[in-house]
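Here is the structure we will look at.
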Amino acid sequence: MLQINLLREKPEFVIERLAIKNFKASELVHAIVDLDQKKRVLQKNLDDNLAESNKLATEIGNFFKQGNKAEADTLKLRTATLKEASKELSEQLEDASAKLAELSVQLPNLPHDSVPKGTHAEHNEIVSQEGEIPVLHKEAVPHWDLAKKFNLIDFDLGSKISGAGFPVYRGKGARLQRALINFFLESGINAGYEEIQPPYVVNEDSAYGTGQLPDKEGQMYLATLDKLYLIPTAEVPVTNIYRDVILKPADFPVKNVAYSACFRREAGSYGKDVRGLNRLHQFDKVEIVQIARAENSYEILDEMVAHVTFLLRSLGLPFRILRLCGGDMSFASALTYDFEVYSTAQERWLEVSSVSNFESFQANRLKLRIKNESGKTELAHTLNGSALALPRIMAALLENYQVEDGIRIPAVLVPYTGFEKIS
RNA sequence: GGAGAGAUGGCCGAGUGGUCGAAGGCGCACGCCUGGAAAGUGUGUAUAUGCCAAAAGCGUAUCAUGGGUUCGAAUCCCAUUCUCUCCGCCA
């Protein structure tokens, strides 16, 4: 959620910046500013009214104490009309506030200056690319065939137990998963992140806090009996640790790393995108989250990008980094770098990580603030990134490391898997 | 799941209808004292929002959350959430 002050003071600037995200904000911005103005007038009237009532109540109290019942009773008559008016005003105020909140959450975050214009993924800017794309032997196949051949992942069994998109990992497939999770967690810890094991379901407040609600309601599984949402990413519970929190300068840096299963309904997905491990309803991910001060949040973003780069380098996978264009960025992000690994058998790039700075957009909703050295409170900046999402890493590993008689395991993972080869 | 007790500021804790944003203590910040420190001592120490260019100042709201009673609620009533104790069930 954007800060209301910015909308009040520079509405045209906001409209202009949001055009980079291909968002036509003019109408909405003006509606918000008008409504805000209206709300403040109501607030003022109500406050004045209540002040008057409070004054009268004190006077009545005093008269009672003096035993002057008659005076007290006359004053009481006056409070009745005030009370009526206050009730009316507070209803109007509540109405205006609700509408304002409803409109405010519809405005996306402003993109950072470096965000390229563009409407689609093709307009994303390739920042860098590294790693050798391996030349595979002529019998090489996509990961779903490898998974079957070596009995690593059973998609049909998952369908039987739960439904499409809930694969069953088994044997060395399951062990490789676990090895990756441990490698990612350990790497995070080595980089100074505190490990968190969050709940996998969250309440409405948390889902709202990170912006899953109200817009993305249909993308989450909901346990209706208790009104709990299955988390689509560990970002949700971990970031909500800091909901309604005021941090001190001494609390920094705030760095969390968390493994979790992630649940996504992925309504509306189809085609080659969903084949094999490419898109699942349940998958594993290690997430990194940082809370930063406004003045250095972009340095922190670079640090997080460097961390993800380290992970992919260690795994020996060919990858590239993209700076997302305005049209491809998420609603809440100010700047996002996507990481894609090359899946050699599918001959396509697969997104495995997305690292973003949300600046104060999430913090504003979360009420996550910092009390600075001079005693002023200001909004914090929030950042997060996948480090990393498992399924597509798994897909790329299986495909890129396949040899004629099996699948090799990158050296860095061997201490975690306990085996060097799948065959 | 059943029965009972409870939820007050960063923390502890007082407050059962008015003068309570809230005693007292701890902690913290700044000052005095000191060669330096401790002790002592003084002052300050919540959040949101509105008026104001801003600061100061003032108004309003907030004693788990939401509603109600009342001229007036931390205090009384109702609902919800959470915590603790006991019983039941259970990995």
Side-chain angles (χ1 to χ4, degrees), chain A residues 1-11 32-101 103-105 197-209 213 223-229 237 240-252 254 360 362-380:
Chain A
M1 200 162 79
L2 292 173
Q3 288 169 260
I4 188 73
N5 272 336
L6 183 67
L7 297 179
R8 267 183 217 153
E9 285 159 22
K10 302 181 185 170
I32 289 171
V33 171
D34 288 349
L35 202 50
D36 172 60
Q37 180 58 34
K38 193 178 146 199
K39 183 191 145 190
R40 283 191 290 162
V41 171
L42 286 168
Q43 175 89 259
K44 175 87 177 114
N45 290 344
L46 176 62
D47 284 357
D48 289 348
N49 234 313
L50 291 174
E52 179 76 15
S53 296
N54 287 344
K55 222 173 88 190
L56 283 176
T58 314
E59 284 174 27
I60 291 171
N62 288 337
F63 280 128
F64 268 122
K65 222 163 271 167
Q66 294 159 18
N68 194 343
K69 244 194 145 114
E71 280 291 345
D73 284 340
T74 14
L75 285 186
K76 267 197 201 183
L77 292 177
R78 275 175 61 198
T79 60
T81 49
L82 274 175
K83 218 178 163 185
E84 196 68 25
S86 293
K87 199 181 166 193
E88 176 80 10
L89 280 168
S90 66
E91 269 165 21
Q92 288 176 23
L93 179 65
E94 205 168 300
D95 205 51
S97 301
K99 265 188 203 140
L100 187 61
L103 294 185
S104 298
V105 299
Q197 284 192 16
Y200 286 9
V201 294
V202 294
N203 58 28
E204 226 177 346
D205 284 347
S206 294
Y208 182 83
L213 294 179
T224 52
L225 213 51
D226 297 294
K227 244 197 159 180
L228 292 170
Y229 293 88
N240 269 285
I241 291 174
Y242 306 97
R243 170 153 52 86
D244 261 314
V245 164
I246 300 178
L247 295 165
K248 299 186 294 288
D251 295 328
F252 289 88
V254 178
S360 61
Q362 270 187 335
N364 194 25
R365 252 202 217 195
L366 288 164
K367 298 197 181 68
L368 164 56
R369 289 151 295 171
I370 300 165
K371 193 193 267 282
N372 68 23
E373 286 81 355
S374 53
K376 279 220 169 197
T377 51
E378 58 197 19
L379 288 173

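In the text below, chain A, chain B and the rest are named by the order of the sequence lines, each starting its count at 1.
If you take atom C1' in B:rA22 and the same atom in B:rG36, they sit 40 Å apart, rounded to whole Å. Taking atom C1' in both B:rG25 and B:rU81, one finds a spacing of 31 Å when rounded to whole Å. Nucleotides B:rU8 and B:rA64 have their C1' atoms positioned 10 Å apart, rounded to a whole Å. Comparing the same atom, P, in B:rG6 and in B:rA14 gives a spacing of 13 Å after rounding to whole Å. Nucleotides B:rC78 and B:rU69, compared at atom P, are 15 Å apart to the nearest Å. Using atom P as the reference point in both B:rU75 and B:rU19, the two lie 13 Å apart (nearest Å). The separation of B:rA74 from B:rC63, taken at their P atoms, amounts to 7 Å, rounded to a whole angstrom. Nucleotides B:rU16 and B:rG21 place their P atoms 15 Å apart, quoted to the nearest Å.
Panel note: side chain A:Asp251, backbone A:Lys248; a donor-acceptor pair is recorded below 3.5 Å.
No engagement by A:Lys55 is indicated, since no non-hydrogen atom pair under 4.0 Å with the nucleic acid exists. If you check every strand for non-hydrogen atoms under 4.0 Å, A:Asn62 touches nothing. Counting any heavy atom pair closer than 4.0 Å across all strands shown, A:Thr377 reaches sugar-phosphate atoms only and no base atom. Contact annotation for A:Lys76: base contact, defined as any heavy-atom pair under 4.0 Å involving a base atom. A:Arg78 comes within 4.0 angstrom of no nucleic acid atom, judged by non-hydrogen atoms across all strands. Residue-level contact check: A:Ile60 touches the bases, meaning some heavy atom is under 4.0 Å from a base atom. Residue contacts shown for A:Leu46 are absent, as no nucleic acid heavy atom lies under 4.0 Å away.
Residues passing the side-chain hydrogen bond (donor to acceptor under 3.5 Å, both in side chains) test with A:Asn62, sequence neighbours excluded: none. Partners of A:Ser206 by side-chain hydrogen bond (donor to acceptor under 3.5 Å, both in side chains), not counting sequence neighbours, listed by chain and number: A:Asn203, A:Arg243. Listed by chain and residue number, nothing satisfies the side-chain hydrogen bond (donor to acceptor under 3.5 Å, both in side chains) test with A:Lys76 (two or more places apart in sequence, or in another chain).
Using a cutoff of 4.0 Å between basic side-chain nitrogens and carboxylate oxygens, A:Asp34 and A:Lys38 are not scored as salt-bridged.
Here the CD1-CZ distance, from A:Ile60 to A:Arg78, works out to 9.0 Å after rounding to the nearest 0.5 Å.
Under the 4.5 Å side-chain criterion, counting only non-hydrogen atoms from C-beta, A:Leu7 is not in contact with A:Asp36. Residues A:Asn240 and A:Val202 fail the side-chain proximity criterion, which asks for heavy atoms closer than 4.5 Å. Between A:Phe64 and A:Lys69, the closest side-chain pair of non-hydrogen atoms falls below 4.5 Å. Using a 4.5 Å cut-off on side-chain heavy atoms (C-beta onward), A:Val245 and A:Arg369 make no contact. You'll find the side chain of A:Asn49 stays beyond 4.5 Å of the side chain of A:Asn45, heavy atoms only.
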| note | Per-residue pairing states of RNA chain B in dot-bracket (Watson-Crick or G-U under 3.5 Å; . unpaired, | other strand) read ((((((((.[[[..)..(.....]]]((((((.......))))))((((((.....)))))).[[[[[..)....]]]]])))))))....
| task | Would you sort out whether A:Lys83 and A:Ser53 count as a side chain to side chain contact (heavy atoms under 4.5 Å, CB included), showing the intermediate values? | result | CA-CA 8 Å; A:Lys83 218 178 163 185; A:Ser53 296; over 6 Å; no
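Within a heavy-atom distance below 4.0 Å of RNA chain B, no residue of residues 87-96 of chain A is found.
Contacts between chain A and RNA chain B, taken as any atom within less than 4.0 angstrom of a protein heavy atom, begin and end at B:rG18 to B:rG72.
Of the two residues near RNA chain B, A:Asp48 and A:Lys39, the one whose nearest nucleotide lies more 5' is A:Lys39.
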